[in-house]
Structures are given as structure tokens and as C-alpha cells.
Amino acid sequence: MTRSQLVLDVISKKNTSYLPSQCTFAARAKKMEVAEALGLNEEEVDVYLGNHIKFTGVLDDIVQLDKLDPHRMQVAYDAGRYIHIPEEEGFIYDLWGMKYNVNDGGYFNYCHPLRGCDEDESLIYNYKAPELSDMDLQFKIAEEDLKKYGDDFLVELSGYNGIWEKAYQLTEIENFMYLLAVEPEKACYLMDVICEYKVEVAKETVKRGFPIGHYGDDLGTQISTFVSEDMFVNYFLPRIKRVFRVFKDAGLPVQMHSCGKITPFIPHLIDAGLDVLEPVQNCMDFQFLKNEYGKDLTFYGGVDTQDLLTFRTPGEVFEETLKVIDVLGKGGGLIIAPSQEVMNNVPVENVLAFMRAVKKARGEES
């Protein structure tokens with residue numbers, strides 16, 4: 001059975017005895033440190049890590065997902081999906097109007113093209129999403145990945161940087177929070193522009209044979225949600241539902257990324273069709289999540305990257321990883337993974353300790 005089918009069976013509760021895993025890195029250099037420590041090449045370390053999922057994206061998202069990959073960036077550039085400005089060496093602009101540093105490994109946006117929209121409403125009402133007229137072009141890299149990896153891995157088309165995130169990055173978060181509270185019609189107009197774009201990409205994702213739907217919006221901090229439950233239900237949820245519905249109508253499971261303590265939103269997301277919550281972080285109560293929502297959801301993540309993997313000993317990492325698996329993975333329903341990508345300051349020894357625990361839990365090592 002392929003890794004893709006194993007994950008899909010876990011999500012659909014058909015296989016409760018197997019727990020797939022995923023360990024990805026913020027930068028290739030850290031991954032190659034792990035490879036060197038094991039005496040393996042890059043392909044061999046992928047096998048050792050036991051990864052089951054490959055993420056890909058449309059060309060408009062390459063500047064976020066793969067900006068350190070020269071080939072993918074060149075394809076996106078040749079297709080006109082981002083621009084350089086000579087006076088701003090080292091930075092690029094995507095077609096949403098957002099700005100990125102090509103040399104860092106993060107997703108930080110340095111530009112808010114709709115800043116000031118609270119005073120000048122034309123910025124909102126004249127704004128348009130990037131053109132999606134050529135879907136063959138948009139899906140060029142994604143379809144290459146699906147063809148290359150799809151016979152084994154679960155290939156997911158990234159839905160990161162969703163409706164909420166895109167809106168506040170375009171306007172600047174203080175501006176967007178003001179609009180939500182005081183002039184919600186403007187906030188809703190902008191979210192609808194983004195939602196229409198996301199729905200069209202979702203439709204094409206289904207059409208081109210991807211086996212799962214993916215959506216991403218960081219809706220929480222480590223202590224609470226960004227907005228109230230009422231505001232989420234009134235403004236965010238109806239638009240998220242529209243994206244989910246495209247996948248659910250096609251019979252696909254839905255995975256959603258959201259960092260933070262979003263516990264109050266989970267029942268609403270389940271009602272909207274959510275199948276996989278990515279990631280679960282230790283700011284939430286794992287036992288509560290499993291007890292309340294384990295019958296409905298598969299959990300993705302759980303192994304803390306902020307403290308455990310970064311600052312604790314390999315022994316602590318090993319034991320805590322097993323505890324996470326014991327709680328969230330009891331009776332199935334877990335994709336074992338760090339709660340975020342492994343950053344450059346995580347010791348190699350701790351990555352190896354995490355993997356030893358994963359392999360022990362699967363019965364692959366004593």
C-alpha cells in the first residue's frame with residue numbers, strides 16, 4: 001500500500017493501527033545536517049524520516065513556498081508571477097502586491113499595498129486578485145510534483161495564506177482589525193475577493209486529481225484566538241465553508257492549517273467539513289481534543305517545536321514524543337509530526353530522538 005493511501009485510510013478511520021509521520025525542515029541545510037549525522041544522502045534520509053506527504057503549490061504561491069528553490073522560482077518568474085524592482089535588490093513582489101526577501105527562509109511580508117484603506121476606501125474597492133486565466137500555467141509545478149510523487153506520497157496543493165491572513169497582510173493587521181470592528185462591509189468585500197480566488201484554485205485542484213483539499217489560516221495566538229467566536233462565525237466561517245465545500249462535494253477530505261489556540265473554532269470547522277487539523281500545538285489541551293473531537297478529526301503535529309525540540313535534551317524529546325503519540329494517537333487519528341517545521345536552531349540530536357520515538361511507536365525499532 002502506498003504512503004498516500006495509508007494516510008487517507010488513517011484520515012477516514014479505516015486504519016487505526018498505523019500512524020503516519022512527517023518531519024519537514026524550514027531550510028534544506030538542517031535536513032542535510034541530519035543526513036550527515038546518519039551517514040545518509042538526501043534521498044536516503046527522506047526514507048529514514050518516513051515522510052508521507054509532499055506539499056506543492058500554484059505558481060502564485062511559489063514565492064512563499066519555494067523561494068529558495070532556483071528552478072521553481074525561475075518557472076514562476078518566466079510566467080510573470082512575481083517581479084523584481086532594481087532599486088530593491090534582494091526583494092521581490094508577488095502579484096498580490098506583497099513583498100518578500102528572497103534570501104530568508106521565512107514567509108514574512110514586508111509590504112501592505114492596501115495600507116490606509118480605512119481612510120481611502122477606493123484602495124479596497126478597486127483591488128483585484130491575481131488573474132487566474134491560465135490554469136495550466138498556474139499548475140505547472142504542482143502537476144509535475146503530482147506526477148513525480150503521487151504514486152506513493154500524499155501530494156497536497158498548499159492552501160496556506162488563506163482568506164484572513166491574506167486580507168490582513170494586504171491591509172496591515174491593525175487596519176484590518178479596525179475594518180472588522182468598525183467597517184465590516186469593507187473587510188467582507190476584500191475577503192470575498194480573496195475567497196473567489198481560493199474557490200477557483202480549489203475547483204482546479206479537484207479537477208486535476210489531487211487526493212485531498214488543503215486550506216491554511218493562522219487563526220490563533222498561543223493564548224487565544226485572534227477574533228471572537230461570533231466574529232469568526234459571522235465573517236470568516238462562511239467564506240472558509242465555500243472553499244471546503246468544493247473539496248467535500250468532490251468527496252475529498254479537507255486538511256486545515258492553523259497555528260494557535262483555536263479550540264472554540266473547532267466545532268464550527270468540523271461542521272464545515274474539516275477532517276485534519278494541522279497542526280496541534282501544546283497551547284491546547286491534547287486530552288481534551290482527543291476526547292471531544294477524536295471521532296471527527298485526525299490530528300497532525302503535536303510535538304512541540306518552540307521549547308521541546310529546540311531546548312530540551314534528546315531523552316526528554318524521546319519521552320515527550322511518546323506521550324504525545326499515546327494521547328493523540330490512541331485508537332488512530334494522528335499524523336505524527338513536529339508542531340511546525342524544524343527550524344535551524346533545533347539540534348540534530350533532537351531530530352533523531354523524535355524519529356526514534358516515531359519508529360518505536362510504529363514497532364520499527366525496539
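What you see is a predicted model; the values in this text were computed from it and never measured.
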Handout entry: Option among K128, K198, R239 that satisfies the salt bridge (Lys or Arg N to Asp or Glu O under 4.0 Å) test with D192
Key = R239
Exercise for the section: State plainly whether the residues R208 and D136 are in salt-bridge range, i.e. N to O under 4.0 Å. Expected result: yes
Exercise for the section: Answer yes or no for K359 and Y48: cation-pi contact, defined as NZ/CZ to six-membered ring centre under 6.0 Å and angle to ring axis within 45°. Expected result: yes
Exercise for the section: Kindly indicate whether a cation-pi arrangement holds for K31 with F25, taking the cut-offs as under 6.0 Å to the six-membered ring centre and within 45° of the axis. Expected result: no
Handout entry: Enclosure of F286 CZ (heavy-atom neighbours >12, cutoff 6.0 Å)
Key = yes
Exercise for the section: Could you tell me whether the side chain of F236 reaches within less than 4.5 Å of the side chain of F226, counting heavy atoms only? Expected result: no
Problem - Close side-chain approach of L8 and L154, heavy atoms under 4.5 Å - result: yes
Problem - E88 versus Y93, side-chain donor and acceptor atoms under 3.5 Å - result: yes
Handout entry: Within 6.0 Å of NZ in K186, more than 12 heavy atoms from elsewhere
Key = yes
Exercise for the section: Scan side-chain atoms only and decide if Y18 and D9 contain a donor-acceptor pair under the 3.5 Å cut-off. Expected result: no
Problem - S21 side chain to R362 side chain, donor-acceptor N/O pair below 3.5 angstrom - result: yes
Practice task
Check the angle between the aromatic planes of Y293 and F288 and answer parallel, tilted or perpendicular using the 30° and 60° thresholds.
Solution key: perpendicular
Practice task
Begin with the C-alpha distance, continue with both residues' side-chain angles, and end with the deciding distance and a verdict on side-chain contact (heavy atoms from CB on, under 4.5 Å) for E200 and Y197.
Solution key: CA-CA 5 Å; E200 290 307 307; Y197 177 96; over 6 Å; no
Problem - Exceeds 12 heavy-atom contacts within 6.0 angstrom, atom CD of E185 - result: yes
Handout entry: I212 side chain reached by L252 side chain, heavy atoms, under 4.5 Å
Key = no
Exercise for the section: Answer with yes or no whether the side chains of D230 and S228 bring together a donor and an acceptor at under 3.5 Å. Expected result: no
Handout entry: Single-linkage hydrophobic cluster V193~I240, side-chain heavy atoms < 4.5 angstrom
Key = yes
Exercise for the section: Determine whether the side chains of H268 and E229 contain a donor N or O and an acceptor N or O closer than 3.5 Å. Expected result: yes
Problem - Close side-chain approach of V280 and Y300, heavy atoms under 4.5 Å - result: no
Handout entry: Point-to-point distance, once rounded to the nearest 0.5 Å, from CD1 of I262 to CZ of F265
Key = 7.5 Å
Handout entry: Check ion pair R28-D69 (N to O, under 4.0 angstrom)
Key = no
Problem - pair I266-L297: side-chain heavy atoms closer than 4.5 Å - result: yes
Handout entry: Reference residue Y82; test ring-ring contact (aromatic ring centres under 6.0 Å, His included); the match among F91, W96, Y77
Key = Y77
Handout entry: Any L179 side-chain heavy atom under 4.5 Å of I124 side chain
Key = yes
Handout entry: Sub-6.0 Å ring centroid separation between F108 and Y110
Key = yes
Handout entry: Heavy-atom pair of closest approach, residues P130 and D60
Key = CB-OD2, 3.6 Å
Handout entry: Pairwise distance CG(L309) to SG(C23) - rounded to 0.5 angstrom
Key = 8.0 Å
Exercise for the section: Treat each ILVMFWY residue as a node, draw an edge where side-chain heavy atoms are under 4.5 Å apart, and state whether F354 and V327 are in one component. Expected result: yes
Practice task
Using a cut-off of 6.0 Å, state whether more than 12 heavy atoms not belonging to M135 lie near its atom CE.
Solution key: yes
Handout entry: Under 3.5 Å donor-acceptor, S258 side chain and L219 backbone
Key = yes
Problem - Under-4.0 Å salt bridge between D145 and R72 - result: yes
Exercise for the section: Mark yes when over 12 heavy atoms from residues, nucleotides or ligands other than I223 sit less than 6.0 Å from its CD1; otherwise mark no. Expected result: no
Problem - No-hydrogen, no-angle side-chain donor-acceptor test under 3.5 Å, D217 and Y215 - result: yes
Problem - Whether over 12 other heavy atoms sit under 6.0 Å from K54 NZ - result: yes
Handout entry: Residue pair D134 / Q138, side-chain donor-acceptor N/O under 3.5 Å
Key = no
Problem - Straight-line distance of T205 OG1 to K203 NZ, nearest 0.5 Å - result: 12.0 Å
Exercise for the section: Measure the shortest side-chain to side-chain distance between K261 and S224 over non-hydrogen atoms and say whether it is less than 4.5 angstrom. Expected result: no
Exercise for the section: Answer yes if the side chains of E316 and T313 hold a donor-acceptor pair under 3.5 Å, and no otherwise. Expected result: yes
Practice task
Would you tell me whether N344 and K30 have side-chain atoms, one donor and one acceptor, within less than 3.5 Å of each other?
Solution key: no
Handout entry: Q222-Q281 side chain donor-acceptor pair, cut-off 3.5 Å
Key = yes
Practice task
Output, in order, the C-alpha distance, side-chain angles, deciding distance and verdict of ring pair (Phe, Tyr, Trp, His ring centres under 6.0 Å) for Y125 and Y189.
Solution key: CA-CA 7 Å; Y125 292 120; Y189 182 89; 4.8 Å; yes
Problem - Pair E144 + K147, salt bridge at N-O below 4.0 Å - result: no
Problem - Qualifying residues under ring pair (Phe, Tyr, Trp, His ring centres under 6.0 Å), relative to Y160, sequence neighbours excluded - result: F55, H214, H257
Fill in the blank from the handout: Separation between NE2 (H52) and CG (L19), nearest 0.5 Å, reads 9.5 Å
